[in-house]
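All remarks here apply to the structure that follows.
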There are 2 protein chains.
Amino acid sequence: MEERLDTAEEKRGRITIHDVAAAAGISISTASKALNDTGRMGLETRERVKRIAAEIGYRPNALARGLLSKRSFTIGLLTNDTYGRFTLPVMAGISDALVDHGVSVFLCAIEEDPELGQIHVEAMLDKQVDGIIATGKRLDRRLPVDLSNLNVPVVYAFTEGAPGSVTFRSDDAQGAQLAVEWLVKLGRKRIVHVTGPESFFSVRERADAYSKVAGEERPVLFGVWSESWGHEAVARLWSGGGERPDGIFCGNDQIARGVIDALRERGIRVPQDVSVVGFDNWEIVAAQTRPPLTTVDMELKELGRQAGLTVLALAEGRPVEPGIRKLPCRLVVRQSCGGDTLGI
Amino acid sequence: MEERLDTAEEKRGRITIHDVAAAAGISISTASKALNDTGRMGLETRERVKRIAAEIGYRPNALARGLLSKRSFTIGLLTNDTYGRFTLPVMAGISDALVDHGVSVFLCAIEEDPELGQIHVEAMLDKQVDGIIATGKRLDRRLPVDLSNLNVPVVYAFTEGAPGSVTFRSDDAQGAQLAVEWLVKLGRKRIVHVTGPESFFSVRERADAYSKVAGEERPVLFGVWSESWGHEAVARLWSGGGERPDGIFCGNDQIARGVIDALRERGIRVPQDVSVVGFDNWEIVAAQTRPPLTTVDMELKELGRQAGLTVLALAEGRPVEPGIRKLPCRLVVRQSCGGDTLGI
DNA sequence: CACGGTTGAGAAAACCTTTTCCCACTTGAC
DNA sequence: GTCAAGTGGGAAAAGGTTTTCTCAACCGTG
């Protein structure tokens, strides 16, 4: 009765459902139904087919399956964030959410090149992706590629979406609020905000939230996203004869790092004399500052997870409310503010 | 004569070769041959079919094509480098090399989880990837997943490969040599090497190359891959009564950053008093040090490019010599060593 | 005029699955 | 003993493409 096809595995190429059917002495239709838990058949037959399939190492060909079902169990992730600082956590979240559903992710880094973007999008469409997630490095900029009437669902994550689309982004205002409230809670009174270029939407949003909590009259220093700007800002703050801050909310971790270094160089102690809080929770920067940086995490992985589930829902035809979804940030307490041993 | 099917584009779903054939008034076989430049037919027919296909926006379905040709024009990139520091440049290189060939890349981050790795590999095989590239964050460690008898080609890049496979890696010895020779050329005599854990193969390799150039008696300080170790190493070097170095070759850029910061804190000028050279050319670190860091670039993008072309060659059945291919590193001259204005 | 060779194009098989019928058989009720 | 209903399983089509084979028409040559 053990009628296994020795040739099946030797025959160069994959094991198909025909091999399973032959090995079980049934037709391929029955084999298919047995393996997919569809159709009617004896429980015993079903079990036997499954067992045999497992034994000979059968795995269904996703291409053939996709041809029929119009689902490729594949999605595309488009990004212009070359360095992957934002994209990688997003990607991790997407993959994490979709791997259980058997979905794999094409990653396409398109830089700022519209032509390259076009090529990648077409390649993905040819491969019948079930959907596309667009992500980037800036909330208020579009990717240099048109994703508008694509006949596959598109979801935007951490980049500006087309009108009428569904977009996921971090709630920067809430994140900033978290940071400033923390400084206030620690008793800081003379708080300032050192941040990036005012042209960034998230800069303005964070600055507004800061003003709401710290007070409209508290100063905001706009600059660039670099450590050296952090240095310069400290120089500026401590050079004049004005009030000396006791709390600095920085627009990102790199600026915070510059600020902390500059303060140390001036003999000002962090966090005893001045509390510093950053934004991004970019581990590589935040964990290496001295002292390690208290900062705001944008929960990009969760953002990716939700974007993944959403594009899947759209691909399956489930209805999804369009609009912008803001996901809350989280404050990561390390030692640059104090309060880390308080258990507040 | 203009007999275009208005319905073709309206019919929900993609435009198929049937639509092209119908629009051109020919059979699908002829259409296929016209579009693929195969078979025999009148030049005029060929051109006309191509024109019509373009007009109605026909794009071949890669799933159907792959089913027949056994080529999916898809490869998988497996990595355990969560943060993407090494993976992203490699990925960029692969993508760059393969996009012209119509190949897309599945990215799978598997952390250190063998089960997750297994799941992703199976998902990729189900999707009939033409090949797999394994990459990681360490030259002397395997990915936590078995890629040995997979019936698709596997290429290793920046991670340890299976015996008999083809593996691409950076030539760390040559890179280290480049760095130390640069210090020597600048007239530095009292060179030391501050590097990572001796358990890393590349650490030993770089250290050996350093010893060959600088002299066997020159000191090597093993530690960890962090800025704080850079600080500590400087403290150690400057605390005793011994000789003070005038050139420091660091095992990576983070250590170099720590070293430079520590030197500045002691009032030692870089590069006037001490030249510092790093390893990795991790832009985000190397460009933000003060002064910007002269460092060794491992050319990971080129490495990815070659890995991509190799796995493609294997997928197409072209013969490839197995073995380990070492790719040369490149010295990136910034200002931490001096010599940057010499044009040497 | 008969015939081999060329040219242009189509029919059909193949790739691997899933799904929709459809058929034969069993069971129980009347 | 006949019928209806239910059960287990198979044949075949469909999905979009490529490729092999076949066929008809046409050409020139002997």
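Computed from a prediction, not measured in an experiment: that's the story for all the values here.
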### Side-chain donor or acceptor of A:D113 paired with backbone N/O of A:E115 under 3.5 Å
yes

### Query
Looking only at side-chain N and O atoms, does A:T38 come under 4.0 Å of OP1 or OP2 in C:dT18?
no

### From C:dT17, D:dT20, D:dG8, nucleotide with atom closest to A:H18 side chain
C:dT17

### Message
Distance check needed: D:dG9 C1' versus A:R48 CZ, whole Å only.
### Response
12 Å

### Task
Give the nucleotide from the list D:dG16, C:dC16, D:dT18 with an atom nearest to the side chain of A:T16.
C:dC16

### Message
Students often get this wrong, so: under 4.0 angstrom with heavy atoms, is A:R59 touching a base, only sugar-phosphate, or nothing?
### Response
sugar-phosphate

## Note on the structure
Residues passing the ring pair (Phe, Tyr, Trp, His ring centres under 6.0 Å) test with B:Y156, sequence neighbours excluded, are none

### Summary
When B:I28 and B:L68 are each assigned the nearest nucleotide of DNA chain C, the 5'-most assignment goes to B:I28

All N/O pairs under 3.5 Å across the protein-nucleotides 25-27 of chain C interface:
none

### d(CD1, B:I15; C1', D:dT17) in whole Å
16 Å

### Query
Using the C1' atoms of five pairs at each end, what's the angle between the two axes of the helix from C:dC1-D:dG30 to C:dC30-D:dG1, to 10 degrees?
70°

### Query
Step by step, would you call B:F106 with A:F106 a ring pair (Phe, Tyr, Trp, His ring centres under 6.0 Å)?
CA-CA 4 Å; B:F106 287 124; A:F106 286 124; 4.1 Å; yes

### Task
State plainly whether the residues A:E55 and A:R51 are in salt-bridge range, i.e. N to O under 4.0 Å.
yes

#### Entry: Presence of donor-acceptor pair under 3.5 Å, side chain of A:K70 and base of D:dG16
no

### Query
Between D:dG15, C:dG10, D:dT17, which nucleotide has the shortest distance from any of its atoms to the side chain of A:L67?
D:dG15

#### Entry: Exam field: side chain A:S95 to backbone A:A92, donor-acceptor pair closer than 3.5 Å
no

### Within residues 71-95 of chain B or reaching into it, pairs that qualify as salt bridge (Lys or Arg N to Asp or Glu O under 4.0 Å) - sequence neighbours excluded
B:R71-B:D130, B:R71-B:E316, B:R85-B:D280

Nucleotide N/O to protein N/O under 3.5 Å, stretch nucleotides 3-6 of chain D:
none

### Query
Which whole-number value in Å describes the distance from A:K127 NZ to D:dT17 P?
15 Å

### Task
Look at all strands and tell whether A:T45 reaches a base, only sugar-phosphate, or nothing, counting heavy atoms closer than 4.0 Å.
sugar-phosphate

### Message
What verdict does the side-chain hydrogen bond (donor to acceptor under 3.5 Å, both in side chains) test give for B:T30 and B:S27, after you've listed the backbone C-alpha separation in whole Å, the side-chain angles of each residue and the deciding distance to 0.1 Å?
### Response
CA-CA 5 Å; B:T30 306; B:S27 74; 3.1 Å; yes

### Task
Apply side-chain hydrogen bond (donor to acceptor under 3.5 Å, both in side chains) to A:T167 and A:E160, showing your working.
CA-CA 7 Å; A:T167 303; A:E160 189 176 338; over 6 Å; no

### Message
Mind checking if A:L63 touches a base, just sugar-phosphate, or nothing, with heavy atoms under 4.0 Å?
### Response
nothing

### Message
What is the separation between atom CD on B:E44 and atom C1' on C:dA9, rounded to the nearest whole Å?
### Response
13 Å

### Summary
Quick note, B:A64 side chain, CB onward, closest among D:dG16, C:dT17, C:dT20 is D:dG16

### Query
Does the distance from a Lys or Arg side-chain N to an Asp or Glu carboxylate O, for B:E302 and B:R305, drop under 4.0 Å?
yes

### Selected nucleotide, minimal atom distance to A:S32 side chain, candidates D:dT17, C:dA9, C:dT19
C:dT19

### Task
Just compare C:dT18, C:dC16, D:dG9 and give me whichever is closest to any side-chain atom of A:R65.
C:dT18

### Query
OP1 or OP2 of C:dT17 less than 4.0 angstrom from a side-chain nitrogen or oxygen of A:N36, does that happen here?
no

### Message
Taking 4.0 Å as the cut-off, does a side-chain nitrogen or oxygen of A:S27 come that near to OP1 or OP2 on D:dG10?
### Response
yes

#### Entry: Carboxylate-amine/guanidinium contact A:R169 A:D140, below 4.0 Å
no

### Query
Is any side-chain N or O of A:K33 under 3.5 Å from a base N or O of D:dG8, one able to act as donor and the other as acceptor?
no

Side chains of residues 58-68 of chain B: which donor-acceptor pairs under 3.5 Å do they make with residues two or more places apart or in other chains?
residue : atom : partner : partner atom : Å
B:R59   : NH1  : A:E122  : OE1          : 3.4
B:R59   : NH1  : A:D126  : OD1          : 3.4
B:R59   : NH1  : A:D126  : OD2          : 3.1
B:N61   : OD1  : B:L63   : N            : 2.7
B:N61   : OD1  : B:A64   : N            : 3.2

### Task
Look at the side-chain N and O atoms of A:N61 and state whether any lies under 4.0 Å from the OP1 or OP2 oxygen of C:dC15.
no

### Task
Nearest whole angstrom, please: distance from the C1' of D:dG16 to the CG of A:L125.
16 Å

#### Entry: Salt-bridge present (A:E44, A:K50; N to O < 4.0 Å)
no

### Task
Can you tell me the distance, in whole Å, between the CG atom of B:D126 and the P atom of C:dC16?
14 Å

### Query
Do the side-chain N or O atoms of A:S29 get closer than 4.0 angstrom to the phosphate oxygens (OP1, OP2) of D:dG9?
no

### Message
Testing the 3.5 Å rule here: is there a donor-acceptor pair between the side chains of A:K127 and B:T74?
### Response
no

